[in-house]
Amino acid sequence: NAGVTQTPKFQVLKTGQSMTLQCAQDMNHNSMYWYRQDPGMGLRLIYYSASEGTTDKGEVPNGYNVSRLNKREFSLRLESAAPSQTSVYFCASKLQGFIANEQFFGPGTRLTVL
Amino acid sequence: GDSVTQMEGPVTLSEEAFLTINCTYTATGYPSLFWYVQYPGEGLQLLLKATKADDKGSNKGFEATYRKETTSFHLEKGSVQVSDSAVYFCALSSSGNTPLVFGKGTRLSVIA
């Protein structure tokens, strides 16, 4: 049981390049989330998917797109990377339905945009 | 909307000191409350949680009590260790179908 996995762990991009961050969970969770973490800003929700086939914007969706490929996988795409997107990105998942269910987090992807 | 406010850091303590990290919340209904911990270079992991008023969550020597009258969920530990150095996040869930709402995090540094 690997929990939530993310690839890659580190990435350096040049301004304008595109890339996709991958996330997968093996806990049969229906809800998945993408956050970014910047120094002093805590976690900010980018997009989430409450269930397979649905996605919703979070607090900071501009410049990102997401795909819920199936129940296990939820990817985050940067179409044209900007230095302001330099951050640590975390994927999380949760079993929907019970208020006390915790969110499980992946180890993060550290992205630098030059 | 729902929100979580926690004390600003960083907090620096000597080993074996007493720790309190304050957390207050605003929410409709009866939320569940959580403390997450993030060790350097890692993702967040659940430290403890409480699901109703007066519940006490505890784990690894940390405790927090759900106080509905003061809308608080303060994190405490009687004797911190260097290995407790991390960022601590308070969070709430007011619905089983929406993301957790997180505070901004409090960085704790424990020095030997």
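So that the names make sense, note that chain A is the first sequence line, chain B the second, and so on, each numbered from 1.
- There is a path of hydrophobic side-chain contacts, each under 4.5 Å, that joins Ile46(A) to Val113(A).
- By the criterion of side-chain heavy atoms lying less than 4.5 angstrom apart, applied directly or through intervening Ile, Leu, Val, Met, Phe, Trp or Tyr residues, Tyr36(B) is not grouped with Phe104(A); the two fall into different hydrophobic clusters.
- The same ILVMFWY cluster, assembled from side-chain heavy atoms under 4.5 Å apart, contains both Val60(A) and Leu78(A).
- For chain A, the nearby part of Glu42(B) is the backbone; its heavy atoms alone come within less than 4.5 Å.
- Ranking Gln38(B), Lys104(B), Arg107(B) against chain A, the residue ahead of the rest is Gln38(B), based on heavy-atom pairs under 4.5 Å.
- Only the side chain of Arg110(A) comes within less than 4.5 Å of a heavy atom in chain B; its backbone stays farther off.
- For Glu8(B), no part lies under 4.5 angstrom from a heavy atom of chain A.
- No side-chain heavy atom of Gln37(A) sits under 4.5 Å from any side-chain heavy atom of Phe102(B).
- Hydrophobic clustering (side-chain heavy atoms under 4.5 Å, transitive across Ile, Leu, Val, Met, Phe, Trp, Tyr) groups Leu48(B) together with Leu108(B).
- Distance alone, capped at 3.5 Å, places no donor-acceptor pair between the Tyr33(A) side chain and the Leu100(B) backbone.
- Considering every non-hydrogen atom in both Pro99(B) and Tyr35(A), the closest pair reads CB-OH, 4.1 Å.
- Looking only at distances, no side-chain donor or acceptor of Lys49(B) sits under 3.5 Å from a matching main-chain atom of Asn101(A).
- Other residues, nucleotides and ligands contribute only 12 or fewer heavy atoms inside 6.0 Å of the NZ atom of Lys57(A).
- With respect to chain A, the highest number of heavy-atom pairs below 4.5 Å among Leu44(B), Leu92(B), Leu46(B), Thr51(B) belongs to Leu44(B).
- Considering only heavy atoms from C-beta on, Glu102(A) comes within 4.5 Å of Phe34(B) through its side chain.
- The distance from atom CZ of Phe89(B) to atom CZ of Phe105(A), rounded to the nearest 0.5 Å, is 8.5 Å.
- The contact between Tyr30(B) and chain A is made entirely by backbone atoms, counting heavy-atom distances below 4.5 Å.
- No continuous path of ILVMFWY side-chain contacts below 4.5 Å connects Val87(B) to Ile21(B), so the two sit in separate hydrophobic clusters.
- For Ser95(B), the part lying under 4.5 angstrom from a heavy atom of chain A is the backbone only.
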